[in-house]
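Shown next, in structure tokens, is the structure this report addresses.
For the numbers below, each heavy atom of this structure counts, side chains included, while hydrogens, waters and symmetry mates do not. We name chains A, B, ... by the order of the sequence lines, and we start the count at 1 in each one.
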Number of protein chains: 2
Amino acid sequence: MEAPDITAALELEEGKPEKETRAEIRRRKLLTIASDLFATKGYDATSIRDVAAAARMNSASLYYHFASKEEMFVAVENASVDKIHDRVSAALAARVTDPWERLEAAAVAHAEALLDRTGFRVLVTLLYPPGLSEGVRHRLAARRDQFERMMAEVIDTLPLADDVDRFVFRKHYLGGMNAVGVWYSPGGKLAPADIGRRIVRVLKG
Amino acid sequence: MEAPDITAALELEEGKPEKETRAEIRRRKLLTIASDLFATKGYDATSIRDVAAAARMNSASLYYHFASKEEMFVAVENASVDKIHDRVSAALAARVTDPWERLEAAAVAHAEALLDRTGFRVLVTLLYPPGLSEGVRHRLAARRDQFERMMAEVIDTLPLADDVDRFVFRKHYLGGMNAVGVWYSPGGKLAPADIGRRIVRVLKG
DNA sequence: CCTACCGATCGGTAGG
DNA sequence: CCTACCGATCGGTAGG
């Protein structure tokens with residue numbers, strides 16, 4: 001019933017998940033490899049030859065699956081936002097009603113998506129590669145905004161004091177979540193879900 | 001009495017600020033230019049020719065001031081951490097005693113240092129350039145840790161509920177602060193100091 | 001601080 | 001999906 005990680009993350013990208021062609025499987029595998037390299041070394045420092053080598057392919061062959069390195073970035077970035085969006089959205093759909101519990105459910109799902117190292121790895125980008133066209137930038141930003149609006153709905157129902165700025169709350173929450181990948185240590189004391197819960201505990205005051 | 005921006009930020013780097021040689025002035029100017037380009041386009045996407053052009057120099061001339069591009073990165077990174085450390089440290093030295101007021105003073109100074117666009121610009125790095133030696137990485141991390149320990153002292157004195165994890169508090173606070181540069185808009189409603197104050201208000205609950 | 005380079009590597013293409 | 005390339009650009013150096 002549960003689709004595997006990457007399928008869920010790339011559903012929008014890949015279209016119907018029922019019949020996946022060999023080419024689609026290959027593209028998905030390349031995207032997973034690319035997400036891992038981009039997340040580890042950064043986009044600019046990752047050459048298409050690095051991606052090809054990790055996939056045991058000739059670098060020229062990548063161009064059968066992607067028109068350009070930029071298209072690879074856009075695909076990884078969109079799949080990243082979608083993975084987080086879909087997991088958090090599913091957690092919220094479980095229909096918890098208490099506002100703080102809703103935020104907790106979202107934070108746990110968010111941290112789990114972000115820190116999941118099996119399969120496709122979420123890319124946290126704070127600076128788009130220079131040279132991305134304005135159109136592409138806008139499309140990427142729109143997808144991020146969709147997720148941010150979902151979080152705004154959760155945060156706006158929180159019972160906060162009048163002088164707490166909910167815009168700053170949201171930006172700070174999202175910024176802090178994005179940073180989690182920097183200090184998380186796999187196999188350490190805190191599992192991703194613990195991190196999500198404890199962050200919300202901090203914010204609950 | 002107040003040293004200008006960059007001098008304060010680079011004091012450790014540059015040694016005695018009293019007599020600055022022409023070469024030191026030049027190096028400082030190059031660092032300011034580099035910090036701006038690294039912050040705007042990213043380290044990898046900035047070529048030494050970009051830095052040289054902005055300084056109206058031939059790219060070969062940079063190597064009189066810096067042994068390598070990597071050395072430029074290390075200098076910019078250290079000066080960034082120092083700028084934040086020195087400003088926050090000065091704010092805390094004003095000897096406020098209330099723990100939440102101390103955190104607010106630190107957050108305001110932190111946001112101001114981070115968002116100051118006049119002169120040297122603080123670089124927020126979430127991934128060091130690959131190829132940095134382990135030794136260099138450790139020296140950079142040690143300087144960051146020094147600042148983090150200072151914040152830990154402030155946060156550890158906060159009157160928080162027993163089940164609030166102060167480690168997670170600190171990591172989330174620091175992560176959220178680092179992200180501020182992404183959503184801050186110069187000349188907008190919120191000045192850097194407002195942002196610092198409102199973030200602490202959010203955490204105060 | 002400049003002129004004049006160099007070897008390596010990059011993203012990408014032609015043609016099969 | 002591979003072989004065989006290409007032009008551009010990169011960080012860096014020699015020599016002054």
Side-chain angles (χ1 to χ4, degrees), chain A residues 14 20-38 40-77 123 125 127-133 135-137, chain B residues 14 20-38 40-77 123 125 127-133 135-137:
Chain A
E14 298 297 333
E20 206 180 22
T21 66
R22 249 97 59 204
E24 282 165 349
I25 293 172
R26 210 82 177 114
R27 184 182 156 99
R28 203 155 52 72
K29 190 194 163 189
L30 287 169
L31 235 33
T32 301
I33 288 169
S35 73
D36 201 54
L37 288 168
F38 291 173
T40 307
K41 316 206 308 170
Y43 172 75
D44 283 310
T46 302
S47 70
I48 56 150
R49 284 164 176 85
D50 292 335
V51 178
R56 272 183 265 271
M57 266 187 201
N58 187 287
S59 69
S61 307
L62 288 184
Y63 289 89
Y64 174 75
H65 300 280
F66 298 93
S68 63
K69 192 191 177 190
E70 180 180 311
E71 195 197 298
M72 274 190 60
F73 172 80
V74 171
V76 169
E77 174 72 14
L123 182 66
T125 305
L127 214 59
Y128 290 142
L132 271 197
S133 74
V136 172
R137 271 168 207 276
Chain B
E14 296 298 332
E20 209 181 18
T21 66
R22 249 97 61 205
E24 282 166 350
I25 293 172
R26 209 82 178 116
R27 183 182 158 99
R28 202 155 52 72
K29 191 193 162 190
L30 286 168
L31 235 31
T32 301
I33 289 169
S35 73
D36 201 54
L37 288 168
F38 291 173
T40 308
K41 316 204 306 170
Y43 172 74
D44 283 310
T46 303
S47 70
I48 56 151
R49 283 166 179 82
D50 291 335
V51 178
R56 271 183 265 270
M57 265 186 203
N58 187 286
S59 69
S61 308
L62 288 184
Y63 288 90
Y64 174 74
H65 300 281
F66 298 93
S68 64
K69 191 189 178 193
E70 180 182 309
E71 195 198 297
M72 275 189 61
F73 172 79
V74 171
V76 169
E77 174 72 14
L123 182 67
T125 304
L127 214 58
Y128 289 141
L132 270 198
S133 73
V136 172
R137 270 167 208 274

Please collect all ring-ring contact (aromatic ring centres under 6.0 Å, His included) contacts where either partner lies in residues 47-73 of chain B, sequence neighbours excluded, each pair once. B:Tyr43-B:Phe73
Which nucleotide, D:dC1, C:dG11, C:dC2, lies nearest any side-chain atom of A:Ser61? D:dC1
For DNA chain C, which consecutive runs of 3 or more Watson-Crick or G-U pairs (each distance under 3.5 Å) count as stems? C:1-16 with D:1-16
Rounded to whole Å, please give me the gap between CG in B:Asn58 and P in D:dC10. 14 Å
Distance, rounded to the nearest Å, where B:Met72 contributes CE and D:dG12 contributes C1': 14 Å
About how many Å separate OG1 of B:Thr46 and CG of B:Asp36, when rounded to the nearest 0.5 Å? 9.5 Å
A:Asn58 CG to A:Ile48 CD1 distance, which is reported to the nearest 0.5 Å: 9.0 Å
Step by step, work out the side-chain contact (heavy atoms from CB on, under 4.5 Å) result for B:Leu30 and B:Met57. CA-CA 10 Å; B:Leu30 286 168; B:Met57 265 186 203; 4.0 Å; yes
Within a strict 4.5 Å, meaning less than it, do heavy atoms of the A:Asp50 and A:Lys41 side chains meet? yes
Whole Å only: how far is the CG atom of B:Leu62 from the P atom of C:dC2? 9 Å
Value in whole Å for how far the C1' atom of D:dC2 lies from CD1 of A:Ile48: 14 Å
Once you apply a heavy-atom cut-off of 4.0 Å, does B:Arg26 come out as touching a base, just sugar-phosphate, or nothing? sugar-phosphate
Nearest-0.5 Å distance that lies between atom CG in B:Leu31 and atom CD in B:Glu24: 12.5 Å
To the nearest angstrom, the CD1-P distance between B:Ile25 and C:dC1 comes to 11 Å
Could you tell me whether A:Arg27 and A:Glu71 make a salt bridge, using a distance below 4.0 angstrom between a side-chain N and a carboxylate O? yes
Determine, stepwise, if the pair B:Glu20 / B:Lys29 fulfils salt bridge (Lys or Arg N to Asp or Glu O under 4.0 Å). CA-CA 12 Å; B:Glu20 209 181 18; B:Lys29 191 193 162 190; over 6 Å; no
Between C:dG11, C:dA4, D:dC1, spot the one nearest the side chain of A:Ser47, thanks. C:dG11
In whole angstrom, what separates A:Lys69's NZ from C:dG12's C1'? 12 Å
Listed in order of residue number, which residues of residues 49-57 of chain A have a non-hydrogen atom at under 4.0 Å from DNA chain C? A:Arg49
Atom NZ of A:Lys41 and atom P of C:dT9 are separated, to the nearest Å, by 12 Å
Measure CD/A:Glu70 against P/C:dG12 and give the value in whole Å, please. 8 Å
CG (A:Leu127) and CG (B:Asp44) are apart, to the nearest 0.5 Å, by 11.5 Å
Regarding the side chain of B:His65, the nearest nucleotide among D:dC1, C:dC1, C:dC2 is C:dC1
It should be established whether A:Tyr64 places a side-chain nitrogen or oxygen under 4.0 Å from OP1 or OP2 of nucleotide D:dC1. no
